[in-house]
**Student:** 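Just passing along the structure, written as C-alpha cells.
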Amino acid sequence: MTGIEELLLSRIRDVADYPEPGVMFKDITPLLADPAAFTALTDALAEIAANTGATKVVGLEARGFILGAPVAVRAGLGFIPVRKAGKLPGATLGQAYDLEYGSAEIEVHAEDLTADDRILIVDDVLATGGTAEASIQLIRRAGAEVAGLAVLMELGFLGGRTRLEPVLAGAPLEALLIV
C-alpha cells in the first residue's frame, strides 16, 4: 500500500447499517475535512486528468462535484456538472438508466461539451457502475470523447469495473482505492 492510499483510507469512516441495515457506508467527510488528505486526493486526481489528456472534468452529482471541481482547477481545466434530471436551466441532454428498483436520469447542458473535448469523469465511489455508464453514454451523445473515469474508491465486490470496461472502450478507469 502506498502512502497516499494509507492516508486516504485512514480518513474514510465506516458507518454500519447506513442507509439501511446490512450496508457498510464509506463516509468521506472526514477526508474532506482534512486539508492534507483532501489536497493529496485532489493532486492525485489532477495527475490522472493530465495523464489522460483531458480538456474538461465532469463531476457526477453530488460528491463528484466536491471532488471534480478542485481537480479541474488544479489541472487548469473546465468543470462540467452532470446533474439529476430537472436541476439544470436551459437546453439539456438527458440519459436515463436503471436502478435496482426503478430508473433515474442525468443531464448536462447541451452546449457545455463539444467534439473537441476529452472528458475525465470524476466521482467518489464506483459501485455497480450504473451512473458512470449513463454519464459515458451522455458525454458521447453530446459529441465529446471520454478520456477516462477516475474515482476515489471502487467497491470491487459490486462489479462496476466489469460492467464499465467494455463501455469505456479502452479509456482508463482509475480507482485510488479498491475496497
**Student:** Show me the donor-acceptor pairs, under 3.5 Å and distance only, between side chains in residues 88-98 and residues at least two apart or in other chains.
**Tutor:**
unit_1: Q95; atom_1: OE1; unit_2: R141; atom_2: NH1; d: 3.1
unit_1: Q95; atom_1: NE2; unit_2: Q137; atom_2: OE1; d: 3.1
unit_1: Y97; atom_1: OH; unit_2: T131; atom_2: OG1; d: 3.3

**Student:** Can you give each donor-acceptor pair under 3.5 Å made by side-chain atoms of residues 151-177, sequence neighbours left out, with the distance rounded to 0.1 Å?
**Tutor:**
unit_1: E154; atom_1: OE1; unit_2: R161; atom_2: NE; d: 3.1
unit_1: E154; atom_1: OE1; unit_2: R161; atom_2: NH2; d: 2.7
unit_1: E154; atom_1: OE2; unit_2: R161; atom_2: NE; d: 3.2
unit_1: R161; atom_1: NH1; unit_2: L173; atom_2: O; d: 3.4
unit_1: R163; atom_1: NE; unit_2: E133; atom_2: OE1; d: 2.7
unit_1: R163; atom_1: NH2; unit_2: E133; atom_2: OE1; d: 2.9

**Student:** Going by the salt bridge (Lys or Arg N to Asp or Glu O under 4.0 Å) test, which pairs reach into residues 28-42, not counting sequence neighbours?
**Tutor:**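 As it turns out, the salt bridge (Lys or Arg N to Asp or Glu O under 4.0 Å) pairs with a partner in residues 28-42, which skip direct neighbours, are R11-D34.
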**Student:** Answer yes or no: is there a side-chain heavy-atom contact under 4.5 Å between D14 and K26?
**Tutor:** yes
**Student:** Assigning hydrophobic clusters by single linkage (Ile, Leu, Val, Met, Phe, Trp, Tyr; side-chain heavy-atom cutoff under 4.5 Å), is V179 placed with I28?
**Tutor:**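 Same hydrophobic cluster.
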**Student:** Taking all non-hydrogen atoms of both residues into account, name the closest pair between A132 and L149 and its distance.
**Tutor:**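 It is CB-CD2, 4.0 Å.
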**Student:** Tell me whether D117 contacts the main-chain N or O of I119 through its side chain, where contact means a donor paired with an acceptor under 3.5 Å.
**Tutor:** no
**Student:** Is it the case that atom OH in Y18 sees more than 12 heavy atoms from other parts of the structure closer than 6.0 Å?
**Tutor:**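 Counting neighbours around OH of Y18, 12 or fewer heavy atoms of other residues, nucleotides or ligands fall under 6.0 Å, so no.
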**Student:** Of all heavy-atom pairs between P30 and D27, which one has the smallest distance, and what is that distance?
**Tutor:**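 Of all heavy-atom pairs spanning P30 and D27, the closest is CD-O, 3.5 Å.
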**Student:** Could you state the interatomic distance from CG (L7) to OG1 (T2), rounded to the nearest 0.5 Å?
**Tutor:**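 That separation rounds to 9.5 Å.
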**Student:** Tell me every residue that passes side-chain contact (heavy atoms from CB on, under 4.5 Å) with E111, counting only those two or more places apart in sequence or in another chain.
**Tutor:** H109
**Student:** Would you give me the side-chain donor-acceptor pairs under 3.5 Å for residues 59-70, sequence neighbours excluded?
**Tutor:**
unit_1: E61; atom_1: OE1; unit_2: R83; atom_2: NE; d: 3.0
unit_1: E61; atom_1: OE1; unit_2: K84; atom_2: N; d: 2.8
unit_1: E61; atom_1: OE2; unit_2: R83; atom_2: NH2; d: 3.3
unit_1: R63; atom_1: NE; unit_2: D124; atom_2: OD2; d: 2.3
unit_1: R63; atom_1: NH2; unit_2: D124; atom_2: OD2; d: 3.3

**Student:** Taking all atoms of both residues into account, what is the closest heavy-atom pair of L77 and A49, and its distance?
**Tutor:** CD1-CB, 4.1 Å
**Student:** Distance from L31 atom CG to L41 atom CG, nearest 0.5 Å?
**Tutor:** 5.5 Å
**Student:** Locate the shortest heavy-atom distance separating I121 from S135; write the atom from each residue and the value.
**Tutor:** CD1-OG, 3.6 Å
**Student:** Compare every heavy atom of A44 with every heavy atom of I4, then report the nearest pair and how far apart it is.
**Tutor:** CD1-CB, 3.7 Å
**Student:** Suppose we screen for salt bridge (charged side-chain N to carboxylate O under 4.0 Å, His left out). Which residues come up paired with E145, at least two apart in sequence or across chains?
**Tutor:**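 Salt bridge (charged side-chain N to carboxylate O under 4.0 Å, His left out) check on E145 returns R118.
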